[in-house]
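Read the structure below first, then the notes.
Any value given below was found using the heavy atoms of this structure, including those in side chains, with hydrogens, waters and symmetry copies removed.
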Amino acid sequence: MSYVKALVIMQLKSALAYLPAGCTYAAGITCFLLVLCAVWKFCLHKKVSWLFWWRLLVGFLFIAYMYCVLQLTIFSREPGNYGAVDWRFLVRWNENDAQKAFLLANIIMFIPFGILFPMFGKTMSHILIALPIALACSVCIEALQLKYQLGFCQLDDVAANSAGFLIGFLIFLVIRDVYFFVVMLFRLFASIAIN
């Protein structure tokens, strides 16, 4: 199992190597959106709320994250002799340690998606909206790998990505509930202090 752990850590390090470039692209897109929104809000004489800044920050993090995912799964790969679809479910887990590591890395890869995507707003934090979008993103990655022969198109990868999204979504729910609890306590203590 230590070999599997080492392989997963190696894959995560290779994904994090794309983070500086991802942050650069995300900063450029975020600055462009900031200018557009500033002009729009200025022309309409609207105040900028904290929610705007929050969504801008989440958008920056999500763009940087998606850049790393796309680099790791699509753009950094050389075309090979893949061209097949593997519809078997969880077969790779029993093959060898490298396949176990790939499966675990696919789970870990989508955990940030489950945390960040629901932070865009109330609509995106509904599981019946967020899960199909995450599933569609995973299927698109697999379809691109199949079309351009950049990797095997496997049902296991979609299932692992979906599991990672659900883990991230549960983390998001815990963070949100803790935040609401802290805010409620703060308001309670503030009202006691005022009285």
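- Hydrophobic cluster membership differs between Leu16 and Ile115, with clusters built from Ile, Leu, Val, Met, Phe, Trp and Tyr side chains linked at under 4.5 angstrom.
- Note that the CD1 atom of Ile107 and the CZ atom of Phe102 stand 14.0 Å from one another [nearest 0.5 Å].
- Looking only at distances, a side-chain donor or acceptor of Ser191 sits under 3.5 Å from a matching main-chain atom of Leu188.
- Closest approach of Phe113 and Ala134 over heavy atoms only: CE2-CB, 3.6 Å.
- Closest approach of Met124 to Ile129, counting heavy atoms only: SD-CG2, 4.3 Å.
- Taken to the nearest 0.5 Å, the CD1 atom of Ile171 stands 11.0 Å off from the CG atom of Leu166.
- Note that the CG atom of Leu116 and the CD1 atom of Ile111 stand 12.0 Å from one another [nearest 0.5 Å].
- The shortest non-hydrogen separation linking Gln145 to Arg77 is NE2-NH1, 3.1 Å.
- Only one option out of Leu61, Val69, Ile63 pairs with Tyr65 in a side-chain contact (heavy atoms from CB on, under 4.5 Å); it is Val69.
- Applying the side chain to side chain donor-acceptor pair (under 3.5 Å) definition to pairs two or more places apart or across chains, those involving residues 13-33 are Tyr18-Ser76.
- Taking all atoms of both residues into account, the shortest heavy-atom contact from Ala26 to Phe60 is CB-O, 3.3 Å.
- Tracing side-chain contacts under 4.5 Å through hydrophobic residues (I, L, V, M, F, W, Y), one never reaches Val139 starting from Val85; they form parts of separate clusters.
- To the nearest 0.5 Å, the span separating CG on Leu131 from NE2 on His126 amounts to 11.5 Å.
- A distance of 11.5 Å separates CG of Leu12 from SG of Cys68, quoted to the nearest 0.5 Å.
- Taking the centre of each ring, Phe165 and Phe117 stay at or above the 6.0 Å mark.
- A side-chain contact (heavy atoms from CB on, under 4.5 Å) with Leu144 is found for one member of Ile74, Thr73, Leu70 and no other, namely Ile74.
- The hydrophobic clustering, which links ILVMFWY residues whose side-chain heavy atoms are closer than 4.5 Å, places Leu51 and Val183 apart.
- Taking CG from Leu173 and CD1 from Ile127, the interatomic distance works out to 7.5 Å, rounded to the nearest 0.5 Å.
- Linking Ile, Leu, Val, Met, Phe, Trp and Tyr whenever their side-chain heavy atoms come within less than 4.5 Å leaves Phe169 and Val158 in two separate clusters.
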